[in-house]
Amino acid sequence: APSSLPSKKSRIWLDNVHCTGSEKSLAHCESNGFGVSDCKHSEDVSVVCSSKRIPGFKFIRNQGLTVQVEEVRIRATYSHRKRIPITEGFLEVKDGGKWRQICNEDWNQMNSRVICGMQGFPGEKRFNTRPYKLLASRRKKNYWGFSINCTGNEADLSDCKLGREIEKKGNSTCGKGMPVVVSCVPGRVFAPSVSIGFRKAYRVEQPLVRLRGGAMIGEGRVEVLKNGEWGTVCDDNWNIRTATVVCRELGFGSAKEALTGARMGQGIGPVHMNEVECSGFEKSLTECYFNPNSLGCSHEEDAAVKCNVPAMGFHNRLRLSGGRNPYEGRVEVLGERNGSLVWGTVCSDSWGTMEAMVVCRQLGLGFASNAFQETWYWQGDSSADAVVMSGVRCSGTELTLEQCLHHGKHVVCPKGGGRFAAGVSCTMTAPDLVLNAQVVEQTTYLEDRPMYALQCAHEERCLSGSADKADPSSYRRLLRFSSQIHNNGQSDFRPRASPQSWVWHDCHRHYHSMEVFTHYDLMSLNGTKVAEGHKASFCLEDTYCDEGIQKRYECANFGAQGITVGCWDTYRHDIDCQWIDITDVKPGDYILQVVINPNHEVAESDYTNNIMKCRSRYDGHRMWTYNCHTGKRDLFTLCIKDEIFFSKKK
């Protein structure tokens, strides 16, 4: 295979190499013979080796080598094995296909820190050694042949150095010590609910770092809060050590991967940090050094992480049945009936995208692509037809379906299970729509338009209720603005409805694939709507795309609708219904709010950036719109910026 690594101008020794896989050396494989080749250096091959060792491999020497074992686990004592997650127990490594203990004579706290990170825990803690000494004295031991030297900032045991060789003397091995025991502190999300001590250990504070756009628990694009505004981190110098600081800060373990090139989608807002360098012992990413003067980083370089998370066994209480592939099927849960655990279905009443999102995440299958309220076409397990869960309502942030609101033991499902059982289909990628707040701010203006010129818009309910009784010669005051909606995700945004069910709209002279795509509202500062919310329906198409990206969707001629990744759909301010009717609004201070995909009809990787808010001041003649931003922000921040804005005006 052609190599992606730079080649050197030297001899090509081997060509047409064929190995069975059992050879001890590449030289033992069949080939043309040494030096017999008609290849060029553009055909040089390369390999990337797994960090896991082949079972049975033995070290020839240990000088300068890193630790290479097949698996690592914390083996809990009998009394602790039912606890989830397992946070404490004897450390065991798998070597040569066998589990072995490690002598604790050279063991230190930094070694434990690395082990806890690998198991999905942010830190280690002290423990009572007495019961473990008693247990160790009664057990037969099988020690691993080396000690381990970690500095504490490694993400994995394979990054640690191999220590001295342990002389094996049967029962006298590790005579001055005992097998290593590790005790870890779980992150707040994973702390056992029965333990009040864990809850007291964590103070709930405003987080300074968060993850967005990830398909799994513990992964996503890294975002940092600075001066009240969330922004991203540039991937220059981004590495596993820095990523581990982020993971530990958020209550996960060490990092599995440090991702570059906006692998978890592009963020919005400023790029707050660039050329970040961490020692690995910082409590927060914000404590790490970064270059505040480094410019020119775009959201195409947003950094992301994948973190180690504890083994919670979430996937063991839920399954998909009857689907054509492992990513779809009828949802079946392990529920309690008559005092025993049985598999059963979920009632599909109120079942939607947010509930499906939780199911897919719990099973490790990424995002939801569809939520189904009928599943007669999937033949599930007949013994699991009975409904064991109903009234499920999720916010979308839950780790398991059980954590969502539901009826508990008192199941209420008028439709029954069977064909009306809930189902899902999952996907590893999803779109992410973001409204360009700057475009809204720059294009907002008032227009007084006569009723006789608004008949089409009136029929489509684009005006407030008072227009129904308005005189044809009267005027409506319209707050107009443009909408530019970007798809920053990892897959195209496609309407859920099939083309056969699209609706023709005379005002826009094209088909609308989503009847409620955005909500336009003007609200008082306490959140009360003062202008009747207009539910805008759109035809979705690629108006413009980033350089190098081809348009795929257009509304003309009953074309396919959607928004391609890296493209945006623009609805200009001069199009019918691209407004809020403020005819009945009194002068004052208001909030202009636009919500995209408000009913979560289509699954996205991040719904928090679907809301855009602006401060607005209306004096009865003019409307000032300012401080537009995407994402949730508290009213205090908005009001402070409001005072700054108008003090500058004065």
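Along the sequence shown, residues carry numbers from 1. Note that these values count all heavy atoms, side chains included, but never hydrogens, waters or copies made by symmetry.
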Which pair of non-hydrogen atoms, one from [X] and one from [Y], has the smallest distance, and what is that distance?
X: C394; Y: M354; answer: O-CB, 3.6 Å
X: S464; Y: R476; answer: OG-NH2, 2.8 Å
X: S616; Y: L592; answer: OG-CB, 3.8 Å
X: Y590; Y: S524; answer: CD2-CA, 4.1 Å
X: S466; Y: D584; answer: OG-OD2, 2.7 Å
X: R361; Y: E398; answer: NH1-O, 2.8 Å

With no hydrogens and no angle check, just 3.5 Å: does a side-chain donor-acceptor pair link [X] and [Y]?
X: D468; Y: H458; answer: yes
X: T444; Y: E441; answer: no
X: Y520; Y: S483; answer: yes
X: H600; Y: Y607; answer: no
X: R572; Y: T443; answer: no
X: S284; Y: E249; answer: yes

What I'd like to find out is whether the side chain of [X] reaches to under 4.5 Å of the side chain of [Y], using heavy atoms alone.
X: W579; Y: C462; result: yes
X: D492; Y: V565; result: yes
X: Y571; Y: T518; result: no
X: L320; Y: W378; result: no
X: L446; Y: L479; result: yes
X: S350; Y: R393; result: yes
X: C288; Y: V245; result: yes
X: W230; Y: N609; result: no

Just how far is it from atom [atom1] of [X] to atom [atom2] of [Y], taken to the nearest 0.5 Å?
X: Q362; Y: L318; atom1: CD; atom2: CG; result: 4.5 Å
X: D236; Y: C297; atom1: CG; atom2: SG; result: 5.0 Å
X: T242; Y: D235; atom1: OG1; atom2: CG; result: 12.0 Å
X: N487; Y: D569; atom1: CG; atom2: CG; result: 11.0 Å
X: T630; Y: K613; atom1: OG1; atom2: NZ; result: 12.0 Å
X: N597; Y: I611; atom1: CG; atom2: CD1; result: 11.5 Å

Check for a donor-acceptor pair, side chain of [X] on one end and backbone N or O of [Y] on the other, with a separation under 3.5 Å.
X: R221; Y: G265; value: yes
X: Q455; Y: M451; value: yes
X: N325; Y: Y327; value: yes
X: T583; Y: R477; value: yes
X: Q266; Y: D302; value: no
X: D542; Y: Y553; value: yes
X: S605; Y: G489; value: no
X: E541; Y: C555; value: yes
X: W238; Y: A304; value: yes
X: E257; Y: V305; value: no

(message) Is there a side chain to side chain contact (heavy atoms under 4.5 Å, CB included) between V271 and E301? Walk through the geometry before answering.
(response) CA-CA 10 Å; V271 179; E301 301 168 85; over 6 Å; no
(request) Check the pair V602 / R494 against side chain to side chain contact (heavy atoms under 4.5 Å, CB included), numbers first and verdict last. (result) CA-CA 8 Å; V602 177; R494 298 297 309 277; over 6 Å; no
(request) Go through the steps for R615 and L525 under the test side chain to side chain contact (heavy atoms under 4.5 Å, CB included), then give the verdict. (result) CA-CA 9 Å; R615 285 302 307 272; L525 297 185; 3.5 Å; yes
Heavy atoms of other groups near [X] [atom1], more than 12 under 6.0 Å:
X: E374; atom1: CD; answer: yes
X: Y377; atom1: OH; answer: yes
X: Y445; atom1: OH; answer: yes
X: R480; atom1: CZ; answer: yes
X: E447; atom1: CD; answer: yes

(request) Please test L363 against C426 for side chain to side chain contact (heavy atoms under 4.5 Å, CB included), starting from the C-alpha separation and ending with a verdict. (result) CA-CA 10 Å; L363 291 171; C426 307; 5.8 Å; no
